[in-house]
Amino acid sequence: MKIKNSRGLRIPTRILVSGILLVIQLLFIVSVAYNLTAQSAAAYIITMIIAAITVIVIINRRGNPDHKITWIVFILVFPLFGITVFLLWGGGRVLPHIKKKMRICESHHMSFLEDDSAVMEKLKYYDLIHSRQADYLTRESGYPLYDRTATEFVSPGEAFLPRLLEELRAAEKYIFIEFFILAEGEMWNQIYDILKEKAKNGVEIKIIFDDFGSIKRQNKNFISELRKNNISVSIFNPINPIMNIFMNNRNHRKIVVIDGKVAITGGINIGDEYVNYEERFGYWLDSAIIIKGDAVKSFLVMFANMWEFTTGKKINIPLHDAYAPCFEEGFVVPYCDGPLNNQNPAEGIYMQILSTAQKYVYIATPYLIIDNTMKNIIHMAAKSGIDVRIIVPHIPDKWYVHPATQYNYLELLEAGVKIYEYTPGFIHSKLFVSDDKVATVGTVNMDYRSFVFHFECGAWICDNSTVLDIKDHFEETITKCKEIKIEEWKKRPIKDRIKQEILHIFAPFM
């Protein structure tokens with residue numbers, strides 16, 4: 001990217017200073033411990049005992065076995081360094097006071113969401129199998145099932161942007177925006193022009209963006225200019241040079257809520273590559289979903305929870321809610337997930353779709369870094385005759401992630417899964433569609449970061465025409481893909497196999 005500055009410091013300076021100071025702190029801790037153990041047999045024995053206890057704790061704690069194995073090997077090979085890093089960032093742990101802070105925020109807003117038993121019974125009457133998915137998702141995420149909701153699937157990014165601008169121009173009361181990446185450029189300029197005009201006319205505008213995702217993409221005076229234009233801004237988890245456990249947890253959500261009548265989510269961030277104004281990694285294919293009607297309220301509550309979490313200020317839900325039902329067929333469950341709860345609805349709903357499929361499951365994901373449990377569920381679906389197809393990028397955005405994705409190809413191919421690489425470039429969509437009945441669109445990648453470390457969101461949709469739109473989009477995308485054939489894949493160069501096997505070891509850290 002061409003942007004050089006970020007909030008008062010040149011980008012390389014801010015990142016380098018924070019990174020160097022973090023490394024110094026880590027090395028200091030390790031060096032002190034090493035010197036103690038090198039000079040004292042007792043200290044060495046204590047370190048080994050601590051390492052053994054740490055390994056026992058990892059084995060017995062709840063969580064992903066694949067993740068545990070990586071940490072156990074890391075600690076046994078590098079005891080001092082491994083223990084230090086694990087205590088700081090191991091297993092997606094978050095300090096209790098941060099969890100309590102989010103629970104308090106949710107207690108102020110979640111009560112405005114009410115389960116409608118009539119809607120649940122209606123879905124069970126029409127579609128008992130998929131009502132189980134809705135039941136699971138509402139219990140795990142806390143967000144209700146809705147009817148009276150219209151959904152519109154939009155892809156690619158250059159088709160999405162005009163629709164986003166159209167909805168922003170129609171705003172009368174407020175615009176709430178939450179993104180992982182908010183980058184300056186042509187896409188942002190078009191959005192910003194509307195936001196400035198709306199703010200002048202008294203429209204309430206609030207923006208949340210993740211500091212890590214956006215830090216390299218904004219000029220020096222970006223935030224101050226927003227605030228001068230009466231736009232409220234909150235930065236999620238600002239990068240700083242002081243070690244903290246929460247630093248590894250990022251806000252990967254993409255949410256736009258307008259007047260309580262419109263909500264938008266999906267894979268698309270605010271950045272020129274997402275709408276192909278700028279070429280990065282070939283052609284960028286992405287998608288989003290526009291929601292109107294009762295389900296918008298859930299996205300309003302999601303935003304309100306995060307706004308209070310980051311700013312300490314409450315949003316009055318009744319003043320921002322709007323009765324604007326859309327009488328269309330089908331059902332919707334908005335959902336979100338994150339490291340501050342003990343549930344895992346984001347990964348769980350993917351597993352539910354695979355487990356209950358009758359005919360097919362089509363998946364689009366930029367990363368396929370999955371644990372053994374997810375892999376087994378995909379295997380069982382494919383081996384039981386379900387047509388499982390997965391689209392991943394051909395041109396990766398991260399050199400070290402793509403080999404970890406490719407490591408899983410052979411096992412999946414042997415189980416009968418069909419894998420396709422999107423040859424024009426990078427596919428960033430996160431889509432599941434199954435049996436012409438159910439689909440998900442959201443921010444959740446099939447990797448450890450999305451399932452364990454990040455705040456994510458999405459929408460589960462059932463029994464409406466949008467499901468078929470997503471299926472049509474998937475089938476059209478496949479025509480631009482190269483299918484990975486098992487015979488050819490077995491003959492790949494030995495250097496590629498070695499790279500895939502080595503990087504797979506570090507998959508839980510990716």
Do [X] and [Y] come within less than 4.5 Å of each other through their side chains, counting heavy atoms only?
X      : Y      : answer
Phe209 : Ile235 : yes
Lys198 : Ile175 : yes
Leu113 : Tyr143 : yes
Val301 : Ile317 : yes
Met306 : Phe455 : yes
Val257 : Glu178 : no

Open item on the list: How close do Ile181 and Ser214 get, counting heavy atoms only, and between which atoms?
Closed with: CA-OG, 3.5 Å
- [ ] Taking all heavy atoms of Val417 and all of Ala382, pick out the closest pair and write down the distance.
- [x] CG2-CB, 3.7 Å
With rounding to the nearest 0.5 angstrom, report the [atom1] to [atom2] distance, [X] to [Y].
X      : Y      : atom1 : atom2 : result
Thr477 : Ile470 : OG1   : CD1   : 11.5 Å
Thr440 : Ile363 : OG1   : CD1   : 9.0 Å
Phe309 : Met102 : CZ    : CE    : 4.5 Å
Lys196 : Ile191 : NZ    : CD1   : 12.5 Å
Asn269 : Met187 : CG    : CE    : 8.5 Å
Arg103 : Asn305 : CZ    : CG    : 13.0 Å

Looking at [Y] and [X], is any side-chain nitrogen of the basic one under 4.0 Å from a carboxylate oxygen of the acidic one?
X      : Y      : value
Lys437 : Asp463 : yes
Lys482 : Glu421 : no
Asp469 : Lys471 : no

Open item on the list: For Tyr350 and Phe451, take the angle between the two ring planes, folded into 0 to 90°, and tell me which bin it lands in: parallel under 30, tilted 30 to 60, perpendicular over 60.
Closed with: perpendicular
Quick one: does [X]'s side chain have a donor or acceptor within less than 3.5 Å of a partner on [Y]'s backbone?
X      : Y      : value
Asn219 : Phe222 : no
Asn445 : Asp447 : no
Arg227 : Val233 : yes
Lys254 : His252 : yes
Ser131 : Leu128 : yes
Asn189 : Gly185 : yes
Asn251 : Phe179 : no
Thr405 : Leu368 : yes
Asp259 : Lys261 : no

For residues 327-339, please give each side-chain donor-acceptor pair under 3.5 Å, one per line with the distance, not counting sequence neighbours.
residue: Asp337; atom: OD2; partner: Ala346; partner atom: N; Å: 3.2

Contacts of [X] that satisfy salt bridge (charged side-chain N to carboxylate O under 4.0 Å, His left out) - sequence neighbours left out:
X      : answer
Asp397 : none
Lys297 : Asp321
Asp294 : Arg148
Lys228 : Glu225

For [X] and [Y], which I'm curious about, is there any donor-acceptor pair between the side chains at under 3.5 Å?
X      : Y      : value
Tyr448 : Asp371 : no
Asn249 : Arg449 : no
Ser298 : Tyr146 : yes

- [ ] Starting from the C-alpha separation in whole Å, work towards a yes-or-no answer on side chain to side chain donor-acceptor pair (under 3.5 Å) for Gln190 and Tyr277.
- [x] CA-CA 12 Å; Gln190 294 181 50; Tyr277 285 163; 3.1 Å; yes
Open item on the list: side chain to side chain contact (heavy atoms under 4.5 Å, CB included), that's the test. Do Ile177 and Ile255 meet it? Break it down for me.
Closed with: CA-CA 6 Å; Ile177 293 174; Ile255 296 174; over 6 Å; no
For [X], give me all partners under side chain to side chain contact (heavy atoms under 4.5 Å, CB included), at least two apart in sequence or on another chain.
X      : result
Lys480 : Tyr422, Pro424, Glu476
Thr311 : Ser234, Trp307, Lys313
Glu140 : Tyr136, Gln343, Pro345

Open item on the list: Which residues pass the side chain to side chain donor-acceptor pair (under 3.5 Å) test with Gln358, not counting sequence neighbours?
Closed with: none
Acceptor/donor pairs from residues 151-174 side chains to any protein atom, 3.5 angstrom cut, sequence neighbours excluded:
residue: Thr151; atom: OG1; partner: Asn464; partner atom: ND2; Å: 3.1
residue: Thr151; atom: OG1; partner: Thr466; partner atom: OG1; Å: 2.6
residue: Glu152; atom: OE1; partner: Arg163; partner atom: NE; Å: 3.4
residue: Glu152; atom: OE1; partner: Arg163; partner atom: NH2; Å: 2.8
residue: Glu152; atom: OE2; partner: Arg163; partner atom: NE; Å: 3.0
residue: Ser155; atom: OG; partner: Asp286; partner atom: O; Å: 2.6
residue: Glu158; atom: OE1; partner: Asn276; partner atom: ND2; Å: 3.0
residue: Glu158; atom: OE2; partner: Tyr283; partner atom: OH; Å: 2.5
residue: Arg163; atom: NH1; partner: Glu166; partner atom: OE1; Å: 3.0
residue: Arg163; atom: NH1; partner: Glu167; partner atom: OE2; Å: 3.2
residue: Arg163; atom: NH2; partner: Glu167; partner atom: OE2; Å: 3.0
residue: Glu167; atom: OE2; partner: Lys292; partner atom: NZ; Å: 3.0
residue: Tyr174; atom: OH; partner: Gly260; partner atom: N; Å: 2.7
residue: Tyr174; atom: OH; partner: His320; partner atom: O; Å: 2.7

Open item on the list: Set out, in order, the CA-CA distance, both residues' side-chain angles and the distance that settles side chain to side chain contact (heavy atoms under 4.5 Å, CB included) for Ile478 and Ile391, then state yes or no.
Closed with: CA-CA 8 Å; Ile478 274 185; Ile391 299 178; 3.7 Å; yes
Open item on the list: Just checking Tyr420: does its OH atom have more than 12 heavy atoms from other residues, nucleotides or ligands closer to it than 6.0 angstrom?
Closed with: yes
- [ ] Kindly write out the residues that satisfy ring-ring contact (aromatic ring centres under 6.0 Å, His included) with Trp284, not counting sequence neighbours, or none if the list is empty.
- [x] Tyr274, Phe426, His428
Open item on the list: Suppose we screen for ring-ring contact (aromatic ring centres under 6.0 Å, His included). Which residues come up paired with Phe299, at least two apart in sequence or across chains?
Closed with: none
Open item on the list: By the definition ring pair (Phe, Tyr, Trp, His ring centres under 6.0 Å), identify the one residue from Tyr362, Phe432, Tyr360 that meets it with Phe474.
Closed with: Tyr362
